[in-house]
Number of protein chains: 2
Amino acid sequence: MVSTLKPQLGANPERARSHNKQLVLRAIRHVGAVGRAEIARASGLSTQAVSNIISDLLGEGLLIEQGVRSAGRGLPVQQYAIKPDGGYAFGVEVRPTAVFTALVDLVGTPVLARRTPLRNAGKSTILETVSAQLASALIEARISKGALMGAGIVMPGPFGDTGLTGTESELPGWNTGDPAEIFANTLNLPVFVENDANAAAMAERMNGVARGLDDFAYLYFGQGLGLGLVQNGQILQGAFGNAGEIGHIQVLVDGHAVELESATSRLSVQACLAREGLDVTNMEDLISLYSSANRHLLVWLDKAAQALSSALSIIENLFDPQTVILGGAMPDVLLDHIIARTALPERSVSNRPDRVHPRLMRGTSGRMTATLGAAALVLHQAFTPTIAEAR
Amino acid sequence: MVSTLKPQLGANPERARSHNKQLVLRAIRHVGAVGRAEIARASGLSTQAVSNIISDLLGEGLLIEQGVRSAGRGLPVQQYAIKPDGGYAFGVEVRPTAVFTALVDLVGTPVLARRTPLRNAGKSTILETVSAQLASALIEARISKGALMGAGIVMPGPFGDTGLTGTESELPGWNTGDPAEIFANTLNLPVFVENDANAAAMAERMNGVARGLDDFAYLYFGQGLGLGLVQNGQILQGAFGNAGEIGHIQVLVDGHAVELESATSRLSVQACLAREGLDVTNMEDLISLYSSANRHLLVWLDKAAQALSSALSIIENLFDPQTVILGGAMPDVLLDHIIARTALPERSVSNRPDRVHPRLMRGTSGRMTATLGAAALVLHQAFTPTIAEAR
DNA sequence: AGCGTTAACTCAACTTTCTTGAGTGTTCAA
DNA sequence: TTGAACACTCAAGAAAGTTGAGTTAACGCT
């Protein structure tokens, strides 16, 4: 009867300070090196307040002084930058056969990255493996656990019991309990869980082609095809955390309606080439097929581009993003080929003359994208002001 | 070279207070009547802080005492509620042939609503008409201008120069300058501009079936078909304010790909019936055709439901909303018919057993939906905490 | 019926953090 | 050479939150 109040944070001095700290960090990260006055103007705070906050952050080892810049008249600007070893983030990508882990510093540079095969895909095996990898990563990088700000975990979605469960690539045993909580308890760290596409999008935003973009979409070629949506600088998660399940929508290829994922994904290209007797298991195989201009691969690429054009129309018209990024487990040359061949829909809100970004861009590809993205989730959190965050 | 800092507000005492005030108002609005302790728990503020804020809000005439409720042990709760005449919002919907206006009180109850025909669709004519309507509305309702919190304006999108311009129903002369600013200067009020679908979605969230929902989609039957997306309680606007342009995406009807809007919109049903020699100009005509079970109308409804099923699959899988609402310029009986006939996609993240809301619901329909939604934009703003709002 | 427990709310003192305004040092331009 | 522009610091003051003790009212156990 009594509808419960959704918790949302009020502002008290402590939270205000924390909010402002993150605001300052974000501003410094955004431009690499800035002075206090500029931050003050952008944030609506007094220079004094910014000065105090920066001196705090220096004390916490999150910032370093970064020389002076004399900009026209007046006292030269004392600039500050993020201190790379001010903190670290642990990124984990869980797959049915292996766990990928990476350690990333505060500016997003990978310190180490590793692939660990799994004996089995059981929940406890995964938790043990991740724990062990975290411990050994800390030792290898000579970092204290206190310097770890958190862990990002990439797991195959969708989460919970949906109409899409029962499909391939699922991990058993994770439908009960909140994965984030389970990992948080095991690792004793703040944990953020996302799917591969969302994580990849954040990686791109932290240190890739989407740097500084607040509204974009990321199409992630994985086992299937995932969509990561960033709106206003935040990942769009949906009511139950399953937004971006684009793989199952219908698109047109050669006049026929097919599931998008069946035309553009790693499984799709493997299946297509397997029908022609070609056994492709890794990215190198694909690259060599492409460099030899394999006809079947080119046909597949053409169909993938067609499917993508439909998908692009939907994404652009529904989200009106600054750009759409393509990346993931697909060689760069193939992504570039697809991008070059994808017809940019004319009837689209994105077809505007005053664009500054291309409508379709290639992001970081390769096996570690999502893992680094997992770590990027932690960094994102560290650089995002907290008050008024609803969840 | 120097990338500019995106302004984002830091927290100072003044803004913290304003944030907290809105938080308290929102909490009270959400449940109708609450006590201070409960708000304190939900917001993470002390009861003392909430008490102080409430006494402020009482002084400003935004709240009224709402009796005591004895809930178990302890001192009975002194409850508070929004004071209806604590403020008013003006809603405007601009169409090429007429301007719709409405005055709404702080709890969302319409005080008056009106349709004013336009001599022409020129910019100055519109501005004059809206100004005049605002003035006369204040007089008629005996409200001082000071009690007006702002104006919401609904205008046909998309905004700016896109691949979709040059189509029907546009207003000339609004592509230069920011419409919000122009109206704000003319009316001398805070102004919020949105398209019809977004406004309707907010109306539904304020006082309709989406009350209390933070993640949902609203399909608005207007001239065409628009999609209003609410994510985390906020309208999803996209990078250039044109998100939700769903009318032009391709869907399948009887195995053929067509533009969604050509199968489900007012223009579509009019065109379809006109081909059969039936001239339908208003909702009453449609209702009588429906009650006489007109074959052509039933065929159209069937196709609309088919198209909608495709659209629903896309919306659900991309946004993972709590529910999808149908409303707008279409009679309730027709909306209900369409909803009953729309196949709910099985392969959808929304097809989950633990749902609490239906996947498809009917919202408020009728000519004034978007106009009331325009006013709801103002209310929404009044009830939304401000710190960390990025735009 | 009496009395201890529970819970909402208030009062007054205290704390945190921000702002303000005066003052310092550096640079550029007239 | 001088003054304006600008970044930054210092110290005092102001705003808004928290804390802890005290008050009041309802419930429930004896």
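Numbered from 1 within each chain, the chains take letters A, B, ... in sequence-line order. Since the model is a prediction, treat every value here as computed from it, not as a measurement.
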Asks: Have a look at B:Ser51 and say if it touches a base, only the backbone sugar-phosphate, or nothing, with a 4.0 Å heavy-atom cut-off.
Replies: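 Sugar-phosphate contact only.
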
Asks: Grab the CZ-C1' distance between B:Arg73 and C:dC3 for me, whole Å please.
Replies: 12 Å

Asks: Between atom CG in B:Leu75 and atom P in D:dA26, what is the gap in whole Å?
Replies: 7 Å

Asks: Salt bridge or not for A:Glu60 and A:Lys21, using N-O below 4.0 Å?
Replies: yes

Asks: Stems involving DNA chain C: give each as a range paired with a range, ordered by first number, where a stem means at least three consecutive Watson-Crick or G-U wobble pairs under 3.5 Å.
Replies: C:1-30 with D:1-30

Asks: Looking for any heavy atom pair under 4.0 Å, which part of the strands does A:Arg41 touch: base, sugar-phosphate only, or nothing?
Replies: sugar-phosphate

Asks: Just by distance, with hydrogens left out, do B:Asn185 and B:Glu181 show a side-chain donor and acceptor under 3.5 Å apart?
Replies: no

Asks: Looking for any heavy atom pair under 4.0 Å, which part of the strands does B:Asn20 touch: base, sugar-phosphate only, or nothing?
Replies: sugar-phosphate

Asks: Closest approach to the side chain of A:Arg36, judged atom by atom: which nucleotide of C:dT10, C:dT19, D:dT9 is it?
Replies: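 Of the candidates, D:dT9 comes closest.
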
Asks: How many whole angstroms separate atom CG of A:Asn52 from atom P of C:dT20?
Replies: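 Between P of C:dT20 and CG of A:Asn52: 14 Å.
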
Asks: Starting at CG of A:Leu45 and ending at P of C:dT20, how long is that distance when rounded to a whole Å?
Replies: 11 Å

Asks: In whole angstroms, how far is the P atom of D:dC10 from the CD atom of A:Gln48?
Replies: 8 Å

Asks: Please give, in whole Å, the distance from D:dG17 C1' to A:Arg15 CZ?
Replies: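 Result: 10 Å.
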
Asks: Is NZ or CZ of A:Arg29 both nearer than 6.0 Å to the six-membered ring centre of A:Phe383 and within 45° of the ring axis?
Replies: yes

Asks: Taking the side chain of B:Arg17 as heavy atoms from C-beta outward, which of D:dA16, C:dT27, D:dT9 is closest to it?
Replies: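 Minimum distance to the B:Arg17 side chain belongs to D:dA16.
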
Asks: Please classify the nucleic acid contact of B:Ala37 as base, sugar-phosphate, or nothing, using heavy-atom distances under 4.0 Å.
Replies: sugar-phosphate

Asks: Which heavy-atom pair separates B:Ser18 from B:Thr386 by the least distance, and what is that distance?
Replies: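 In this case the closest contact between B:Ser18 and B:Thr386 is OG-OG1, 3.5 Å.
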
Asks: Measure the distance from CG on B:Asn12 to P on D:dA15 and round it to the nearest whole Å.
Replies: 12 Å

Asks: Does the side chain of B:Arg17 reach to within under 4.5 Å of the side chain of B:Ile53, using non-hydrogen atoms?
Replies: yes

Asks: Expressed in angstrom and rounded to an integer, what is the separation of A:Asp56 atom CG from C:dT16 atom C1'?
Replies: 12 Å

Asks: Closer to the 5' end of DNA chain C via nearest nucleotide, is it B:Gln78 or B:Gly74?
Replies: B:Gly74

Asks: What is the distance from atom CG of A:Asn198 to atom CZ of A:Phe192, rounded to the nearest 0.5 Å?
Replies: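 Here the interatomic distance stands at 14.0 Å.
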
Asks: Could you tell me if B:Gln237 and A:Gln231 have a donor-acceptor pair between their side chains, going purely by distance under 3.5 Å?
Replies: no

